[in-house]
Amino acid sequence: MINALQKNRSEKYHKILKSAGAVFAELGFHKATISQIAARAGVADGTLYLYFKNKDDILYQFISFKTEQIFKKMHIAVESGKTAEDKLRFLIRCHLEEFQNDKNMAVIFQSEARYFRDLESQIKDISKMYLDLLSEIIEQGQIEGSMRQDLFVGLVKRFILGAVEGVISTWVSADGRYDLVSMADPLVDLYLTGLRG
């Protein structure tokens, strides 16, 4: 059996994951087949079973791999900011950039992953990591005095996450026809100044 270290280093493993992302995004998880993923990756069907238990496992590992990549970049982005406002801007911009740069991933996260019971705990874990990042930023903003003290942090961070997901979902529905990253600053401005004139 292939150990985890070899699997993670395997070019074939990553090629299969990338191919699976393209097939899932194009056809949807339920219509996609192991044969289509293997063909896209340029490997025999049986080769997939050296790395994955089944199609569900491919989706699970695709989401895990992408999540790990994105959160590394998000942490670097947040750490590069000094003020809470900078950190929030960098986080949102990084989030939108990552999804714009990998449209297949955006489609899978928005259209596929949310509707699988088996992935519920994985999606909750991803949301929790993101909400924890937001909590730190909001608390820093409250200490700095740049964010209101009287707001319930739990409500604020869910508002931010919901708005970002909504913007990505709209972009996916529009088939990525505009610059998603251009929405980052207007979103943060809306969070920080609200709707009042």
Review point. Any donor and acceptor pair, going by atom type alone, linking the side chain of S169 with main-chain N or O of E165 inside 3.5 Å?
Key: no
Point to revise | Close side-chain approach of T170 to Y178, heavy-atom, < 4.5 Å | key: yes
Check your understanding: Where is the tightest heavy-atom contact between G81 and D86, given as atom of each residue plus distance?
Key -> CA-CB, 4.0 Å
Exercise for review: Please confirm whether F52 and Y60 have ring centers closer than 6.0 angstrom.
Suggested key: no
Check your understanding: How many angstroms lie between atom CZ of R93 and atom CG of L187, to the nearest 0.5 angstrom?
Key -> 11.5 Å
Exercise for review: Please answer: with hydrophobic residues joined when any side-chain heavy atoms are less than 4.5 Å apart, are L151 and V153 in the same cluster?
Suggested key: yes
Check your understanding: Could K157 and E139 be called an ion pair, given the rule that one side-chain N must be under 4.0 Å from one carboxylate O?
Key -> no
Review point. Would you say the ring centroid of F24 lies under 6.0 angstrom from that of F62?
Key: no
Check your understanding: For I126 and I63, what are the C-alpha separation, side-chain angles and deciding distance, and is it a side-chain contact (heavy atoms from CB on, under 4.5 Å)?
Key -> CA-CA 10 Å; I126 294 167; I63 291 170; 3.7 Å; yes
Exercise for review: Report the C-alpha distance between I137 and F90 in whole Å, list the side-chain angles of each, state the deciding distance to 0.1 Å, and finish with yes or no for side-chain contact (heavy atoms from CB on, under 4.5 Å).
Suggested key: CA-CA 11 Å; I137 294 169; F90 295 158; over 6 Å; no
**Study point:** Chi angles and distances behind the side-chain contact (heavy atoms from CB on, under 4.5 Å) call for L88, L134
**Key:** CA-CA 8 Å; L88 185 59; L134 285 173; 3.8 Å; yes
Practice item. With rounding to the nearest 0.5 Å, note down the distance linking CG in L96 to CG in L180. Key: 4.5 Å
Check your understanding: Could you state the interatomic distance from CD (Q142) to CE (M147), rounded to the nearest 0.5 Å?
Key -> 8.5 Å
Point to revise | Test item: Q100 side-chain N/O and H95 main-chain N/O as donor-acceptor pair under 3.5 Å | key: no
Practice item. Could you label the plane-to-plane angle of the F71 and Y130 rings as parallel, tilted or perpendicular, counting under 30° as parallel and over 60° as perpendicular? Key: perpendicular
Exercise for review: Kindly determine whether T67 and D125 satisfy side-chain contact (heavy atoms from CB on, under 4.5 Å), including the steps that lead there.
Suggested key: CA-CA 10 Å; T67 300; D125 290 345; over 6 Å; no
**Study point:** Interatomic distance, K31 atom NZ to E26 atom CD [nearest 0.5 angstrom]
**Key:** 11.5 Å
**Study point:** CA sep, side-chain torsions, deciding dist, call: Q61, Y13, side-chain hydrogen bond (donor to acceptor under 3.5 Å, both in side chains)
**Key:** CA-CA 10 Å; Q61 290 195 45; Y13 171 77; 2.6 Å; yes
**Study point:** Face-on cation placement of K55 at F29 ring, 6.0 Å and 45° thresholds
**Key:** yes
Revision key, fill the gap. I108 and G21 have their tightest heavy-atom pair at CD1-O, 3.4 Å
Review point. Below 4.5 Å, heavy atoms only, C-beta onward: do W171 and K103 meet side chain to side chain?
Key: yes
Review point. Has the side chain of D175 got a donor or acceptor atom that lies under 3.5 Å from a matching backbone atom of R177?
Key: no
Check your understanding: In terms of side-chain geometry, is the basic nitrogen of E85 or R89 positioned less than 4.0 Å from the acidic oxygen of its partner?
Key -> yes
Review point. Hey, what do you get for CD1 (I16) to NZ (K18), rounding to the nearest 0.5 Å?
Key: 13.5 Å
Exercise for review: Take Q140 and E144 through the test side-chain hydrogen bond (donor to acceptor under 3.5 Å, both in side chains) and record every step on the way to the result.
Suggested key: CA-CA 6 Å; Q140 180 184 335; E144 290 170 354; 2.6 Å; yes
Check your understanding: Given the rule that I, L, V, M, F, W and Y join up when any side-chain heavy atoms are under 4.5 Å apart, are I76 and F99 in one cluster?
Key -> no
Check your understanding: Where do A41 and S19 come nearest, in terms of heavy atoms and distance?
Key -> CA-OG, 3.2 Å
Review point. Are any of the side-chain heavy atoms of V43 and I37 separated by less than 4.5 Å?
Key: no
**Study point:** I70 vs M105 side-chain heavy atoms within contact, under 4.5 Å
**Key:** yes
Exercise for review: Output the distance between atom CD1 (I92) and atom CD1 (I160), rounded to the nearest 0.5 Å.
Suggested key: 6.0 Å
Review point. Same cluster or not: are I143 and I138 linked, directly or through other Ile, Leu, Val, Met, Phe, Trp or Tyr residues, by side-chain heavy atoms under 4.5 angstrom apart?
Key: no
Exercise for review: Scan residues 59-79 for pairs that pass salt bridge (charged side-chain N to carboxylate O under 4.0 Å, His left out), counting only residues two or more places apart or in two chains.
Suggested key: K66-D102, E68-K72, K73-E98
Review point. Should D132 and S135 be marked as a side-chain hydrogen bond (donor to acceptor under 3.5 Å, both in side chains) after you check the CA-CA gap, both sets of side-chain angles, and the distance that decides it?
Key: CA-CA 5 Å; D132 288 347; S135 285; 5.1 Å; no
Check your understanding: Under 3.5 Å, is there a donor-acceptor pair between the side chain of Q36 and the main chain of V23?
Key -> no
